[in-house]
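Here's the structure, in structure tokens; my notes come after.
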Amino acid sequence: MKRTDYCGTLTKKDAGRIVVLTGWVHRRRDHGAIIFIDLRDREGIVQVVFDCSDTAKVGAPHAAPSQFQDQSHALRSEYVIEVCGKIAERPAGTENQEIQTGEIELRATDLTILNRALTPPFSIDEEVEAAESLRLQYRYLDLRRPSVQEKFILRHRLSRSVRRFMDENGFLEIETPFLTKSTPEGARDFLVPSRQNPGTFYALPQSPQLFKQILMVSGFDRYYQIVRCFRDEDLRADRQPEFTQLDIEFSFLESTDILALMETMLSDLFRELKKIDLLPPFPRLTYQEAMSRFGTDKPDLRFGLELKDIADLAAHSPFKVFLDVIAKGGHIKGINAVGLAKSSRSEIDALVQEATTRGAKGLAWLKVTEQGVESPIAKFFTHAILNQIRERFSAAPGDLLLFVADSEKVVYEVLGGLRLLLGQRLGLIEKGQFKPLWVIDFPLLEYDDAEKRYVAIHHPFTAPRDEDIPLLDTEPLRVRSKAYDFVLNGSEVGGGSIRIHQSGLQSQIFELLGIQKEEADLKFGFLLQALQFGAPPHGGIAFGLDRLAAIITCSESIRDVIAFPKTQKGICLMTQAPAQVDSKQLKELHIRSAYPS
RNA sequence: GGGACCGUAGUUCAGCUGGUUAGAACGCCGGCCUGUCACGCCGGAAGUCGCGAGUUCGAAUCUCGUCGGUCCCGCCA
């Protein structure tokens, strides 16, 4: 016998058919002479009825009635079974509206137990109740849960749609090596010792960055790949040591072209997968604007609470804290915590605490009430100025204004963080909402105080904007790049840039980054050389597919859309990787562990 | 490297101002039950209170350390 149908696909139309189903025992309801089993497979659940008196009449082909009864009685959760029987409409009044197949049931005439199962450590149920560590240890059981499978099915459809879109737009899927070379800059590499070349190491790619640029030099014109990337850094809810990128590179296009093409792809995806219209063009914010309005380069546009500058108003007060900051060229900005004027002193203290842990020296507050304002700093301001402050925040009675005066960096960090916190706390984030945007015109470089040198904000192959190239020699920090980030619901989901395709400019950037010519030649001489052999103007983008899948499936963590994720310590709770290896293996690799064992 | 939270039957949790034999629900095991669908009813088993040390006459409860999990900062071009 062979399976004829998936459980979840059966409907009234199948009534009368003799079918063979296979699956897992989801739940059993044993009434003695009649036993109900909910049988589950990937497509859903169907009720199977073992009516033992009925079987006695019909006569089971392979099992004597008593054996049939014994067998069905012995069924337990998660047993794997094969049942044969006739699909029938349920008796009037016993239909179950809750499930897809609730109008019919399988009247079993034959049962084979394909495998028994231990009692699972947690129930294979819709509601998440087991601790995540237990779910990860028994990931195969967790992955049986319909709500979990749904996420992976959606992720599959996401990849499939992406592949179709890329294909339709002339992109070629080309694989690049996993065993490659460690390059300076960027994240810590995972290293792989070479057995054949003692003392040398491959590195797992942080991204196929250099290879995809080389493929452009090769003339493939449009490349893409859904590819695993590896970064040996600490984990977060949205960061795993291995993750999947949709990696894209193209020749002879400007950034506006790729942004438009990607908008089409993304809006197609959301229409297909979520039946949601994300209409292009998406908002485009310059880095400067994103920072000054939201205090971050990845703003969550699902709610307002924008930052407002009050330095001009603060300048009219004798409040020394504000005046000092202004004198030092710092910023004074605020945010309207809508409706929080009713906050108690301790609730406000908690906000102050939040601000100071983010680096602020203090947090000034001002309650707007029916009577006027209430604030420790109100005495420093005239009525007229207070009114202007209220107007600037469109503050109504009942609102609480919060101010930070500090360096630009601190002000953005603190208020950007508070804005997110308040957005969540005030319930301003509506579920099922998707707010995409592009952030453009990133600075090319920033200064690393610790290393005392410039570092690339995006990566060292990012092209500066043409009109800013002269500033490379005079004011490098003012140079803007041709980089762009795709941000969705406050999460950095994609990023890319137009690359440098002239070796001269590339060398100049390396020099600025403090990478010596010898080092550059050693580490990525192959790229510099390739750029001299007719490299076309090119650029690209990469999307974090796990992050995109997590957002689309409304998941808290990318672990929910990765079949076998690792814990925050980088451990796989199912396999217990990483683990010690045989000393013989180490010897072959010319490796000795410095870790005391 | 740092901060915060969590760890008690198989599971989810209660118990925590120190004091009889550590409880509940679900699950599990046995029995009864012909229309249930989170079936119901009766009965039963089930615990190194993460681990170690300390304080105490006495620790699940207090203290310190440690292990594990989660969130965050640093880190992640």
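Model, not experiment: these values are computed from the prediction. Below, chains carry the letters A, B, ... as their sequence lines are ordered, and counting in each starts from 1. Atom set for the values below is all heavy atoms of this structure, side chains included, hydrogens, waters and symmetry mates excluded.
With P as the reference atom, rA59(B) and rA53(B) are 13 Å apart, rounded to whole Å. With both ends at atom C1', the span from rU17(B) to rA60(B) equals 15 Å, rounded to whole Å. rA45(B) and rA22(B) are spaced 14 Å apart, taking the P atom of each and rounding to whole Å. Taking atom C1' on both rU21(B) and rG2(B), the two are 45 Å apart, rounded to the nearest angstrom. Taking the C1' atom of each, rA38(B) and rG3(B) are spaced 42 Å apart, rounded to whole Å. For rC32(B) and rG68(B), the P atoms lie 49 Å apart once the distance is rounded to whole Å. Rounded to the nearest Å, the gap between the P atom of rG15(B) and that of rU61(B) is 15 Å. Taking the P atoms as reference points, rA14(B) lies 16 Å from rA25(B), given to the whole Å.
The residue among Gly570(A) and Val455(A) whose nearest nucleotide of RNA chain B lies closer to the 5′ end is Gly570(A). In terms of position on RNA chain B, the residue among Pro121(A) and Asp238(A) whose nearest nucleotide sits closer to the 5' end is Pro121(A).
Across all strands shown, Asp30(A) has heavy atoms under 4.0 Å from base atoms, whether or not it also approaches the sugar-phosphate. Base contact: Glu95(A) has a heavy atom under 4.0 Å from a base atom. Residue-level contact check: Ser207(A) touches the bases, meaning some heavy atom is under 4.0 Å from a base atom. Within the 4.0 angstrom heavy-atom criterion, no nucleotide atom of any strand lies near Arg188(A). Arg76(A) comes within 4.0 angstrom of the backbone, heavy atoms only, and of no base. Heavy atoms of Thr119(A) sit under 4.0 angstrom from primed sugar atoms or phosphate atoms, though from no base atom. Contact annotation for Gln97(A): no contact, since no heavy-atom pair falls under 4.0 Å across all strands. Nucleic acid contact class of Leu134(A) (heavy atoms, under 4.0 Å, all strands): sugar-phosphate only. Looking at heavy-atom distances under 4.0 Å, Ile457(A) makes contact with sugar-phosphate atoms alone, never a base. Contact annotation for Glu98(A): no contact, since no heavy-atom pair falls under 4.0 Å across all strands.
For Arg29(A) and rU36(B), the shortest distance from a side-chain N or O to OP1 or OP2 is not below 4.0 Å. Between Arg28(A) and rC37(B) there is no side-chain N or O to OP1 or OP2 distance below 4.0 Å. One finds no side-chain N or O of Ser133(A) lying less than 4.0 angstrom from the OP1 or OP2 phosphate oxygen of rG68(B). Applying the 4.0 Å criterion to OP1 and OP2 of rC75(B), one finds that Arg231(A) has every side-chain N and O outside that range. Distances shown here put a side-chain N or O of Gln568(A) below 4.0 Å from the OP1 or OP2 atom of rC71(B).
Aromatic pair Phe250(A)/Tyr223(A): ring centres not closer than 6.0 Å. In this structure, Phe524(A) has its ring center under 6.0 Å from that of Phe510(A). Residues Phe230(A) and Phe243(A) keep their aromatic ring centres 6.0 Å or farther apart. Ring-centre distance between Tyr412(A) and Phe294(A): not below the 6.0 Å cut-off.
When each of rC39(B), rG69(B), rC76(B) is scored by its nearest atom to the side-chain atoms of Ile571(A), the top-ranked nucleotide is rG69(B). With distances taken from any side-chain atom of Arg27(A) to the nucleotides rA38(B), rC71(B), rG35(B), the minimum falls on rA38(B). Relative to the side chain of Arg236(A), the nucleotides rU36(B), rC71(B), rC73(B) differ in distance, and rC73(B) lies closest. Distances from the side chain of Arg239(A) to the nucleotides rG27(B), rC75(B), rG35(B) place rC75(B) closest.
Atom-to-atom, CD of Gln69(A) to P of rC32(B) comes out at 11 Å; the value is rounded to the nearest Å. Straight-line distance from the NE2 atom of His26(A) to the P atom of rC39(B): 9 Å, rounded to whole Å. The separation between Asp125(A) atom CG and rG27(B) atom C1' is 11 Å, rounded to whole Å. Atom CG in Leu573(A) sits about 19 Å away from atom P in rG50(B), given to the nearest Å. When the P atom of rC37(B) is taken as reference, atom CD1 of Ile34(A) falls 13 Å away, rounded to whole Å. Atom P of nucleotide rC39(B) and atom CD of Gln47(A) are separated by 10 Å, given to the nearest angstrom. Computed from coordinates, the Asp51(A) CG to rU36(B) P distance equals 14 Å when rounded to whole Å. Here rG27(B) presents its C1' atom at 15 Å from OH of Tyr138(A), a figure rounded to the nearest Å.
With a 3.5 Å ceiling on both atom-pair distances, the Watson-Crick or G-U wobble partner of rG44(B) is rC28(B). Nucleotide rG58(B) has no partner under the Watson-Crick or G-U criteria, as no pair reaches both atom distances under 3.5 Å. Applying the Watson-Crick and G-U wobble criteria (two distances, each under 3.5 Å), rA53(B) pairs with rU63(B). With a 3.5 Å ceiling on both atom-pair distances, rA14(B) lacks any Watson-Crick or G-U wobble partner. Judged by Watson-Crick or G-U wobble contacts below 3.5 Å, the nucleotide rC71(B) has rG3(B) as its partner. With both pairing distances under 3.5 Å, rC33(B) is matched to nothing as a Watson-Crick or G-U wobble pair.
Under the 3.5 Å distance criterion, with hydrogens and angles disregarded, a donor-acceptor pair is assigned to the side chains of Arg499(A) and Ser497(A). Under 3.5 Å, the side chains of Gln225(A) and Thr176(A) contain a donor-acceptor pair of N or O atoms.
Using the six-membered ring where Trp is involved, Phe461(A) and His459(A) have ring planes that are tilted, between 30° and 60° apart.
Using a 4.5 Å cut-off on side-chain heavy atoms (C-beta onward), Val439(A) and Thr286(A) make no contact.
An aromatic stacking contact between His31(A) and the base of rU36(B) is absent, as defined here by ring centres under 5.5 Å apart and ring planes under 30° from parallel. With its ring centre under 5.5 Å from that of the base six-membered ring and a plane angle below 30°, Phe36(A) counts as stacked on rU36(B).
Cation-pi geometry between Arg28(A) and Tyr79(A) is not satisfied (NZ or CZ under 6.0 Å from the ring centre, within 45° of the ring normal).
Judged by distance alone, with hydrogens and angles left aside, Asp234(A) brings a side-chain donor or acceptor within reach of the base of rG74(B), the pair sitting under 3.5 Å.
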